[in-house]
Amino acid sequence: KYPIEGSGEFIVVATTRPETMLGDVAVAVHPQNERLKHLIGRTAILPLVGRRIPVIGDEYADPEKGSGAVKITPAHDFNDFEVGRQHGLPLVNVFDAAAHLALKNNDAFLKDAHPEPDLLENLDGKSREAARKWIVEQLQSQGLIEKIEPTTHAVPHGDRSGAVLEPYLTDQWYVDAKTLAQPAMAAVRERKTVFTPPQWEATFFNWMENIQPWCISRQIWWGHQIPAWYGPDGKIFVAESEDDAVADALAHYVEIEELTPEQGGEIAADPKRRARFAREYIRRDEDVLDTWFSSALWPFSTLGWPDQTPELKRFYPTSVLVTGFDIIFFWVARMMMMGLHFMEQVPFRDVYIHALVRDERGQKMSKSKGNVIDPLAVIDEYGADALRFTLAAMAAQGRDIKLSAQRVEGYRNFATKLWNAARFTEINGCARDPAFDPRGSKEILNRWIAHETAKATHEVTAAIEAYKFNDAAAAIYRFVWNVYCDWYLELIKPVLTGPDGSAKSETQAATAWALDQILKLLHPFMPFVTEELWTVTGSPKHDPLLTLSRWPSLEGIGDPGAEVEIGWVIDLITSIRSVRAEMNVNVALPLVMIRVGDHVWERAQRWSEFVKRMAKISSVTRVPIPNPGTLQLIVRGEIVGLELAGLVDLAAERSRLAKEMAKCDADIARVDAKLGNPNFVARAPEEVVEEEKEKREEAQLRKAKIAEALQRLEGAA
RNA sequence: GGGCGGUUAGCUCAGCUGGUAGAGCGUCUGCUUUACACGCAGAAGGUCGGAGGUUCGAGACCUUCACCGCCCACCA
């Protein structure tokens, strides 16, 4: 309870830090506070201290909070500081740097104070906790405590020490960040710097639009020392070096010391006298720069700035900055501000914000929290390539990564798969042939794998250029495993184990060539295993993959005809395998092409050896009408049959076909519903409508084939 | 309090400017097929968190609710 001067009244304030009352310079009341506003303009006497402090009206004082009146302590509270500034109140700092009371020799505190006799004795140099206890006791004994009640509130703690932090006044250096921010924002708006993924631009602007003056001085030991020197009268000399500071100071103090300019010149010329002058007259600021200030200079200070070095010329501005979202403001924005200020150009064209690896609970990993997944442990278990590939595969834009051991294991398997595939090519004499040109292949399988390789290369390249590393990883994974290994290597086995000849040697060269493309594509994702296969195991030897600046585009390599033909073979084999597994039939079966045209029949003959081997088929023949008990399949619009003889029962086959028919009908119904909707036909884009029509045609054709198969089945029955 | 993100198959996650849902792992069924069982072949599994709305058409766009998470600020 602070007594109001000249009346028996008190004004009651609430605080969780009673010791800060020593620094009170006012009590604030909301101007519309009916209960208290009559006190505005009066003077309160600060208990124990005896300082006369005004009761001021300020909307900051929330009538609903605390007692409705708030003590104003500008030196120890951010909000109070603002209120104090607006009302022109003095600043009374009562703490030292360790939050011990500093009252003796404290002019700001002693001015206008009439402290009780034992106050200085009991408080000066004491910790805030001890002071708090003493002050509360004194106030209680004087009947100035209205009530004490427990309250829960949040207080800031030092991130390392854990100590409760007390704001207090100090002199610091500030950068006018608001002015520097304008060109940086303009650069992003004008797309001179582009964020990927773009949603981070919002974060950038959110920061920059609300930017505050940037405190850049730090009271720590490590860092760039602030290049400022103080004279005895408080005059500040900011200079690039101590010599420059001395020169400036000399020029300044020559007058004061009544030295002639000539005498000043003598001092400047004599190193000894200059050093003595420096010792006696100027003192360098002991503070160092905020680490982010120094980091903000990184894009050009590392290249030799402020000298105009060749490196600076060549590499500034840089092409891309890859970093985490958590330092968009701390680092990225500040590099832009400094770069634009000192270099007058953006420091980088692209900013790729990568995913953050979090722990299994989704928390950010940090050294101080101790929840860091040790990459070395993961590498020990699965290998560096597996970990690296996993991170790339999971690095979808705009999402963080919760690292999963299972994924790493899966990609470890992928590395093993690649290793075994390379071993297979080696065993089969697939040596590199520098003269090999994939465009000149005679064998359709080799033209096909060249086509697929070029396609994969294009996909991976496009994904990397768009910073979609997960897409790039998925594309190369699919190509290596599901195209190269599952189909190409399987399809060429008879060629490789067959008689020597041009087909075989071409296939060997094509196989080695495709593997080389794979190693190049995969190298950024799995550097170790690819390098091993490229330079160590592969023959003849190559220069290290690492030295390859990038892979060739393979533009112009492609063969859509090969894609159609091999696609048909793959579909045929897959269909047979599928139905065979479904029917649980393991013996080799005869395959019949039912009433197919010559073109398809020729194709079937071309691939009969392959189909026999890969789909466990005993013979391939063409028939006008299948035997009873033939299992009929529709492959790309053609009916083929598996001669099951007595192995399948009619009812099961009937229901299988009926099921396929039903699926077909559902497809048709869906498309019909769309095409039957006049709004769809009228409003959907033409090509979408065309697509739907094609789908209907396809489905109807398929349905007709199934109907034909069913009819034949019934006839057989 | 302000801002941002997430909620899709049992699990971990993709899904571009709206056009009939995908991967890996796991599960199930078959395979000692001489590159690979860290493998091969096949299969099952989702009313895309709820409710409205826009649209010929919504996992995707809008509104709203619920839950989860992150960042920043403040706290008499």
Side-chain angles (χ1 to χ4, degrees), chain A residues 13-17 28 60-62 64-73 77-80 151-156 199-200 202-203 206-207 210 212 325-326 328-329 356 358 360-364 382 386 390 393-394 396-428 463 466 468 470-471 473-474 477-478 481-482 485-486 489-490 493 497 573-574 577-582 584-586 613-616 666-667 670-671 673-675 677-685 687-689 691-692 695:
Chain A
V13 297
T15 181
T16 56
R17 297 184 299 158
Y60 165 63
D62 183 346
E64 302 303 316
K65 273 187 178 173
S67 64
V70 56
K71 68 194 216 41
I72 300 299
T73 321
D77 183 282
F78 293 100
N79 292 315
D80 291 10
T151 181
T152 303
H153 66 138
V155 292
Q199 74 230 39
W200 294 111
T203 306
N206 188 39
W207 270 109
N210 300 304
Q212 300 296 314
F325 73 85
D326 51 339
I328 286 176
F329 176 67
L356 230 56
R358 298 181 180 276
E360 63 276 5
R361 284 182 315 213
Q363 287 190 320
K364 201 171 134 183
Y382 300 109
T390 306
M394 295 184 81
Q397 281 187 7
R399 269 186 76 140
D400 288 341
I401 295 173
K402 274 189 273 174
L403 199 53
S404 127
Q406 280 194 329
R407 283 291 284 270
V408 186
E409 191 179 340
Y411 294 125
R412 186 272 319 267
N413 295 352
F414 177 57
T416 309
K417 183 75 180 178
L418 175 74
W419 179 263
N420 283 313
R423 196 160 62 120
F424 172 81
T425 67
E426 196 190 358
I427 291 167
N428 288 285
K468 295 186 172 175
N470 59 320
D471 286 350
Y477 182 98
R478 242 193 321 271
W481 200 314
N482 303 123
C485 290
D486 285 351
L489 293 185
E490 293 302 329
K493 271 178 182 174
T497 56
I573 292 169
T574 305
R577 282 171 174 174
S578 173
V579 76
R580 176 197 284 291
E582 204 178 308
N584 218 349
V585 178
N586 273 320
R613 185 171 50 87
M614 295 185 69
K616 213 172 182 185
D667 282 348
R670 190 168 33 236
V671 178
K674 265 193 176 179
L675 288 171
N677 180 345
N679 280 328
F680 173 75
V681 182
R683 298 190 195 188
E687 62 266 27
V688 174
V689 177
E691 255 172 56
E692 292 298 322
K695 275 184 208 164

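Note that this is a predicted model, so its numbers are computed, not measured. Letters A, B, ... are given to chains in the order of the sequence lines, protein chains preceding strands, and every chain is numbered from 1.
For A:Arg407, whose side chain is taken as the heavy atoms from C-beta onward, the closest listed nucleotide among B:A76, B:C13, B:U20 is B:C13. Side-chain proximity of A:Thr416 to the nucleotides B:C38, B:U20, B:U12 is greatest for B:C38. Relative to the side chain of A:Asp471, the nucleotides B:A35, B:A14, B:G24 differ in distance, and B:A14 lies closest. Side-chain proximity of A:Ser578 to B:G42, B:C75, B:A35: nearest is B:G42. Nearest nucleotide to the side chain of A:Cys485, out of B:A76, B:A35, B:C38: B:A35. Closest to the side chain of A:Val70, out of B:A35, B:A76, B:G24, is B:A76. In the set B:C75, B:A14, B:U20, B:A14 carries the atom at the smallest distance from any side-chain atom of A:Asn470.
Closest approach of A:Cys485 to A:Ala421, counting heavy atoms only: SG-CB, 3.7 Å. In plain terms, the two heavy atoms of A:Ala28 and A:Ala61 that are nearest each other are O-CB, 3.5 Å.
Contact annotation: the side chain of A:Asn420 approaches that of A:Arg423 to within less than 4.5 Å [non-hydrogen atoms, C-beta and beyond].
Between A:Asn677 and A:Tyr60, the residue whose closest nucleotide on RNA chain B is further toward the 5' end is A:Asn677.
The nucleotide B:C38 finds no pairing partner, because no Watson-Crick or G-U wobble arrangement with both distances shorter than 3.5 Å includes it. The partner of B:U27 is B:A43, by the rule that a Watson-Crick or G-U pair needs both atom distances under 3.5 Å. Searching all strands for a Watson-Crick or G-U wobble partner of B:U33 with both distances below 3.5 Å returns nothing. Nucleotide B:G5: paired with B:C68 (Watson-Crick or G-U wobble, both distances less than 3.5 Å). With a 3.5 Å ceiling on both atom-pair distances, B:G18 lacks any Watson-Crick or G-U wobble partner. When Watson-Crick and G-U wobble pairs are counted only if both distances are under 3.5 Å, B:G52 pairs with B:C62.
Applying the 4.0 Å criterion to OP1 and OP2 of B:C40, one finds that A:Lys417 has a side-chain N or O inside that range. Look at A:Asn79 and you won't find any side-chain N or O under 4.0 angstrom from OP1 or OP2 of B:A76. A close approach under 4.0 Å does occur between a side-chain nitrogen or oxygen of A:Lys493 and OP1 or OP2 of B:A35. At least one side-chain nitrogen or oxygen of A:Lys695 sits closer than 4.0 Å to the OP1 or OP2 atom of B:U20.
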Working for side-chain contact (heavy atoms from CB on, under 4.5 Å), residues A:Asn470 and A:Lys468: CA-CA 6 Å; A:Asn470 59 320; A:Lys468 295 186 172 175; 4.2 Å; yes
Working for side-chain contact (heavy atoms from CB on, under 4.5 Å), residues A:Asp667 and A:Arg670: CA-CA 5 Å; A:Asp667 282 348; A:Arg670 190 168 33 236; 2.8 Å; yes
Worked check of side-chain contact (heavy atoms from CB on, under 4.5 Å) between A:Asp77 and A:Arg17: CA-CA 11 Å; A:Asp77 183 282; A:Arg17 297 184 299 158; 4.2 Å; yes
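Atom CD of A:Glu409 and atom P of B:U12 are 17 Å apart (whole Å). The distance from atom OH of A:Tyr411 to atom P of B:G39 is 13 Å, rounded to the nearest whole Å. If you measure from atom CZ of A:Phe680 to atom P of B:G18, you get 16 Å, rounded to the nearest angstrom. For the pair A:Lys674 NZ and B:U55 C1', the interatomic distance rounds to 13 Å; values are reported in whole Å. Distance CG (A:Asn413) to P (B:C25): 7 Å, rounded to an integer number of Å. A straight line from CE of A:Met394 to P of B:G15 spans 13 Å, rounded to a whole angstrom. Remark: P of B:C36 and CG of A:Asn420 are 7 Å apart, rounded to the nearest angstrom. The separation between A:Phe78 atom CZ and B:A73 atom P is 10 Å, rounded to whole Å.
Residue contacts for A:Arg412: at a heavy-atom cut-off of 4.0 Å it reaches a base atom on one of the strands shown. Using a 4.0 Å heavy-atom criterion, one finds that A:Pro685 contacts the bases of the nucleic acid, with or without backbone contacts as well. Base contact: A:Asp62 has a heavy atom under 4.0 Å from a base atom. Using a 4.0 Å heavy-atom distance criterion, A:Glu490 is classed as a base contact. Using a 4.0 Å heavy-atom criterion, one finds that A:Ala421 contacts the bases of the nucleic acid, with or without backbone contacts as well. Contact annotation for A:Tyr382: no contact, since no heavy-atom pair falls under 4.0 Å across all strands. Using a 4.0 Å heavy-atom criterion, one finds that A:Trp481 contacts the sugar-phosphate atoms exclusively. A:Ala61 comes within 4.0 angstrom of a base, heavy atoms only. Residue A:Arg577 is classed as a sugar-phosphate contact, given heavy-atom separations below 4.0 Å to backbone atoms only. Residue contacts shown for A:Thr574 are limited to sugar-phosphate atoms, with no base heavy atom under 4.0 Å away.
Going from the P atom of B:A41 to that of B:A35 covers 14 Å, rounded to whole Å. Comparing B:G69 with B:U29, their P atoms are spaced 38 Å from each other, to the whole Å. Comparing B:C65 with B:G57, their P atoms sit 26 Å apart, to the nearest whole Å. B:U20 and B:A37 are spaced 37 Å apart, taking the C1' atom of each and rounding to whole Å. Between B:C67 and B:A23, the distance separating the two C1' atoms is 27 Å to the nearest Å. With C1' as the reference atom, B:C61 and B:U17 are 12 Å apart, rounded to whole Å. Distance noted for atom P between B:G2 and B:A73: 16 Å (whole Å). A gap of 12 Å separates the P atoms of B:C40 and B:G26, to the nearest Å.
With rounding to the nearest 0.5 Å, the separation of CZ in A:Arg407 from CE in A:Met394 is 5.0 Å. Put simply, CG on A:Asn79 and OH on A:Tyr60 are 4.0 Å apart, with the number rounded to the nearest 0.5 Å. The line from NZ of A:Lys493 to CG of A:Asn428 is 8.5 Å long, rounded to the nearest 0.5 Å.
With hydrogens and angles ignored, the 3.5 Å screen pairs a side-chain donor or acceptor of A:Thr390 with a backbone N or O of A:Ala386. At distances below 3.5 Å, not a single donor-acceptor pair connects side-chain atoms of A:Arg577 with backbone N or O atoms of A:Ala615.
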Please write out each protein N/O paired with an N/O of nucleotides 28-31 of chain B under 3.5 Å, distance rounded to 0.1 Å.
none

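Aromatic pair A:Tyr477/A:Tyr411: centroids less than 6.0 angstrom apart.
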